[in-house]
Every structure is written in structure tokens, then in C-alpha cells.
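So that the names make sense, note that chain A is the first sequence line, chain B the second, and so on, each numbered from 1. Since we're looking at a predicted model, the values are computed, not measured.
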Amino acid sequence: MIKTDVYEQALFETIKRGATEISPDVKDAFINAIAREENPDAKKGLSATLESMEMSKQRENPLCVDTGWPIFYFKVGNKCELEGGFVELENAARRAVAKATKLGYLRATMKHPLTGFDPGDNIGMNIPDFTYKFVDGDSIEISYAAKGGGSECFGGTRHRIVAFADGIKGIEKFVVESFVASARAGAVCPPSVLGIGIGGTANVAANLAKEAACLRTVGSKHPDPMFAKIEEDLYEALNSLGIGILGGGGSTSVLAVNVEYAYTHIAGIACATSTNCMVARRASSRIDAEGKVTKMTSPNWFGDR
Amino acid sequence: MAEYHLTAPLKDEDVTKLKLGDIVYISGECFTCRSRLQKYIFDEGNSLPFDTKNRNILIHNGPIVVKENGKWRLVSFMPTSSIRFEKWGAKSVENWNLKMIVGKTTMGKETAEMMKEKKCVHVSPQSVSPNLWIDSIEVQNVYLFDELGSIEAAWHFKLNDLGPFIVDIDTDGNNLFDKMDKEIEERKIKALEKLGIEPDYEYTKLY
Ligand code: SF4
């Protein structure tokens, strides 16, 4: 049985790490992008961003002032037992978000959608968001992701049903057109980690796209060569556009293109995109049945697909 | 492209010389604003509780500021997308006599027209680097904190060579990103062709 104070402390530490420390895979992607950048201003911009992100760890301040929508992913062992159960896990996550906000690791960004009421602690109806995946075992892996407002609000996240008659061509056209429109003038804070969900109903595709954007290790490939090829082709295509960091021109417009899929109805292919912004914040921890907490360098969300 | 170090209050001649793509660093007094403030003033009929005559730079941003030992400390700062306040952009430039808007992305046509008339520029960051900026910003004061909350309140900052920012709308109403659109569109057609998608390709219309 994992005690409440153990998982509550792990949740808080994971939020803080996600908000203030660059993930190692994102850091590698930045180093590669700086090395191959041909536009001198973009090279400076990428270097300044990386420098600032590295300072955040030591200053313990957010990687970006927009600390985003707080989102949790729980990969739960089928035999995992939590003191207070999963209701208490979610309560503990809410308390940890409120505490991280009070301490300035998160900005009080969440507000009422109609009145604009600001609770001041990022807690409200259906926020934070929780997603579960069940696997064998008795441990739990918690991932915290922060989806930035720019990355989500300017058309980087969208959906279309593509006809079977159009197939991969239709999907790729939709992705390229959407990305160009959303990255204009740097709206989605490119270079992006672009997630693409193919198949399922619209919400399944949208969730897969978001998970592909927020949880896949940057630089990883889909194990199925058919999908890995789409990732590779789109990565090349989008980086040939010259949009660059914050839309000012440059060789890197995406840090990664990650595709995930679900089977779909014979009637059509739901296709969704989700751009994560360049800071691509997330952190993960594993808690085993004895309550031992281990920091994870990557979420392993798609480890078993 | 030229680089300028400007000090507020900005005069017409400070900004009319700026060309698209120039780099600017700014010093002096400015204020922060997000849409909630513009709604409060222009839609809800309130007036701005301070004078912008000598504070004619608007920074579109919702900073993180905490109070420590009775003093404000800026934790993080990053300009945010100006296009969001296009609805009140022209009114803001006109009523507040703005000479410079610092924000991410850019403004739309209506605001750019007013900026041309009133001689105002829009500048934007080319990195997400709060830690390279916060040491150049002194928090002076805050207005409408209780009414609008800490993020959407109007913060008064004193800047010390804050930058670099790139000029993306000049005082003739030209827009850097409009110019880039054409090049990107051409590259997009090539990229699609490489993916085997011809320029006249059309989706099967399902809806
Ligand atoms: S979308 Fe842009 S402003 Fe928002 S968190 Fe991401 S990098 Fe920061």
C-alpha cells in the first residue's frame, strides 16, 4: 500500500521538476537544433532559450512564465494499492498543484471560462486533467505535463476527418497546412514537438495527438515502420519551411514529429494534431509498492503502446 | 539590420527610424497589459488609473510576481501573443498614446493602421528566455491588482536595456510576418510536392 504522504510528495516534486527543469531529451534536441541552425538570429534565439532553461533549474523558477494547463497521466499497475484510493490520488494532485502555485513554480493561469474568475491556485472544474492507463504490476508512474497557452490556442491543436480515399496524402496535407497556419509569427511557440493522432473517434485522435506531443521521448521513433516513415517525412517537410524559432525564420520549425494511432471506422480517418511548445515541459516519477520513489527521465507512456 | 538602445518615454523620432527586422533594447518606464485590462477599460467603462504620457510602452504580458519581505520580486516574464487583443489594439494605441507594443506574434490590420497614424511600432522576442530578462526589470508598482488579479493587473516596470526584440510592425504599418508568409507559402508548396501532394490536390469533401 503506497501511503498518501508518499504519493503527495512525489506529485509535488514531479510538478516542480516539470515546471523548472528542462527534460534531457528536449535539451538534446535543442543542442542538435543549435548545431544545425543556419539563420544566425535563430541560432541566438535557440541558444538564449536553452541558456534560460538551464538557469531555471538553479533559480528554481518556471521555464516559461506561461505555466500552462496542468495535466496528469497515471500509468497504473493493475495491482497497485494506494492509501485512500484513486479519489485521494486526485485530491493529492490538486493539493500539490495549489502548493506549487503558491510557491511561484506555477503561475495562477487557470480561470473560469465565462466569468474569468481566477481561483489563484489553478484548481477548478475538471482542472487539473487526469488520464489513466492500466498495465500489469503493482507500481504507479506519474507524469505531469504543462501545455502552454500558445501551443494550444492558435490552431496547433485541431482535428479533421480524412476520407479513406485520401489516406496518407490527405493526412499529411492536413498536418502541413495546419502547422503553417498555427506557427505563423511564432503563435504556437515553435520549434514545436508536433503530436499527431490518427484513427479512433475525434476525441481518441485528439488525446493520442496530445500524448504524442507531451509524453513521447523527443527523438524516439514509432516502432511500426509505416508510422515512423510518416514521422520522418513530415519532420523533413516541416523543417524545410523556414519558419524557425518564434516564426522569425530558421532551419528548425519542429523538434520532433510523433505519430500515434488507433483503429478507425471504415467510414473515415479521424486525424488530430497537437503542438507542444519549445519548452515541452514534463516530468515523471515511479512509485513502487513499497513506496520507493524514483525520478524518471522520460514518461515511458508508450513503452507498451 | 540595425540595433538600437532606446529609452522611454519614446519620441516619434525614436520609432520612425526603426525598420522591419531591426533589433531593439529598451530602458525606462513601461506598463504591462493583458486583455482583461483592456476589457475593463474599453468595454466596462473604467478609466486607466495612471498616466501613460511618460510611460508609452505597453508590454503584453502576465508576469509572475511574488511579494517577499514587503517587496515585489519578479519570478518570470515572457511577452505573450498580441494578436489576442486586436479587438482593442487600435483603441489602446490611440487613447494611451503608445509608441511601442512589446508582445509575441504581431498585431492585425486595424491596429497596424492606427500604429501608422500615431507612429507606434510592435516588437517581439526571438527566444523564450525569462531568465535573461528578469534581471533587467525592476517592479515599481501595480494597479488594479484587486480588480483584475496578479497576472492581468497593470504592473509598472522600470527597464534597464531589456531585449533583444525584433521590430515586426514599423511606423509605416509594414509587417515582417506578412513578408515572410510569401516565402513560407512557396516552400510549403515544394514541401507538399516532395510528399507527393500536387498543388491542385483536393481532399474528398466529407463535410
Ligand atoms: S506556448 Fe509559448 S508562452 Fe506558452 S508556455 Fe509555451 S513557450 Fe511559453
Ring centers of Phe31(B), Phe157(B) separated by less than 6.0 Å: no
Top of Pro125(B), Ser150(B), Pro130(B) for chain A proximity - count of heavy-atom pairs under 4.5 angstrom: Pro130(B)
Residue part contacting chain A, namely of Leu132(B), when any heavy atom lies under 4.5 Å: both
Contact winner vs chain B - Ser56(A), Gly116(A), Ala42(A), heavy-atom pairs under 4.5 Å: Ser56(A)
Check: Ser27(B)/Asn160(B) side-chain N/O donor and acceptor closer than 3.5 Å: no
Contacting moiety of Met278(A), where chain B heavy atoms sit under 4.5 Å: side chain
Ring centers of Phe227(A), His222(A) separated by less than 6.0 Å: yes
Under 3.5 Å side-chain donor-acceptor pair for Lys43(A) and Ser47(A): no
Partner chain B: residue of Gly186(A), Gly248(A), Ala165(A), Ala267(A) with the largest heavy-atom pair count (under 4.5 Å): Gly248(A)
When Ile151(B), Val66(B), Thr106(B) are compared by non-hydrogen pairs under 4.5 Å with chain A, the top option: Ile151(B)
Proximity breakdown for Tyr207(B) and chain A, heavy-atom pairs closer than 4.5 Å: side chain
Region of Phe154(A) that comes under 4.5 Å of a non-hydrogen atom in chain B: side chain
Interface moiety of Lys111(A) toward chain B, non-hydrogen atoms closer than 4.5 Å: side chain
Non-hydrogen atoms of Ala19(A) and Tyr105(A) that approach each other most closely: CB-O, 3.5 Å
Between Arg107(A), Glu51(A), Met55(A), the one whose heavy-atom pairs under 4.5 Å with chain B are most numerous: Arg107(A)
Approximate separation, where rounding is to 0.5 Å, of Asp170(B) CG and His122(B) NE2: 13.0 Å
Phe50(B)-Trp155(B) aromatic ring centre distance below 6.0 Å: no
Ring-face cation of Arg160(A) near Tyr203(B) (centre distance under 6.0 Å, axis angle within 45°): yes
Ring centres under 6.0 angstrom apart (Phe145(B), Trp72(B)): yes
Leading residue by heavy atom contact count with chain A [cutoff under 4.5 Å; candidates Gly62(B), Gly149(B), Gly196(B)]: Gly62(B)
Region of Glu152(B) that comes under 4.5 Å of a non-hydrogen atom in chain A: side chain
Pair Ser76(B)-Asn61(A), side-chain donor/acceptor within less than 3.5 Å: no
Glu110(B), CD atom: more than 12 neighbouring heavy atoms under 6.0 Å: no
Side-chain H-bond candidate by donor/acceptor type, Asp168(B) with Ser124(B), under 3.5 Å: yes
Ile134(B) versus chain A, the contacting section by heavy-atom distance below 4.5 Å: side chain
Short side-chain donor-acceptor distance under 3.5 Å, Glu152(A) and Thr157(A): yes
Which atoms of Met180(B) approach chain A - backbone, side chain, both or neither, heavy atom under 4.5 Å: side chain
Structural part of Asp41(A) lying under 4.5 Å from a heavy atom of chain B: neither
Among Ala163(A), Cys277(A), Cys153(A), Gly268(A), residue most engaged with chain B (heavy-atom pairs, under 4.5 Å): Ala163(A)
Which portion of Pro63(B) sits near chain A, non-hydrogen atoms under 4.5 angstrom: backbone
Residue Ile166(B) versus chain A: region with a heavy atom under 4.5 Å: neither
Gln38(B)-Arg84(B) side chain donor-acceptor pair, cut-off 3.5 Å: no
Segment of Leu195(B) engaging chain A (4.5 angstrom heavy-atom cut-off): both
Chain A contact via Asp178(B) - which portion, at a heavy-atom distance below 4.5 Å: both
Region of Cys189(A) in contact with chain B, defined by heavy-atom distances below 4.5 Å: both
Interface moiety of Ile23(B) toward chain A, non-hydrogen atoms closer than 4.5 Å: neither
Per-residue contact mode, Lys188(B) against chain A (heavy atom under 4.5 angstrom): both
Leading residue by heavy atom contact count with chain B [cutoff under 4.5 Å; candidates Asp233(A), Val162(A), Ile161(A), Ile243(A)]: Ile161(A)
Residue selection (most heavy-atom pairs with chain B, distance under 4.5 Å) from Leu234(A), Asp118(A), Val176(A): Val176(A)
Interface moiety of Arg59(A) toward chain B, non-hydrogen atoms closer than 4.5 Å: side chain
Minimum-distance pair of heavy atoms, taken over all atoms of Val218(A) and Asp25(A): N-OD2, 2.7 Å
Nearest non-hydrogen partners of Asn46(B) and Tyr40(B), listed with the distance: ND2-O, 2.8 Å
Which of Leu192(B), Leu176(B), Asn175(B), Thr80(B) touches chain A most, by non-hydrogen pairs under 4.5 Å: Leu192(B)
Which portion of Ile168(A) sits near chain B, non-hydrogen atoms under 4.5 angstrom: neither
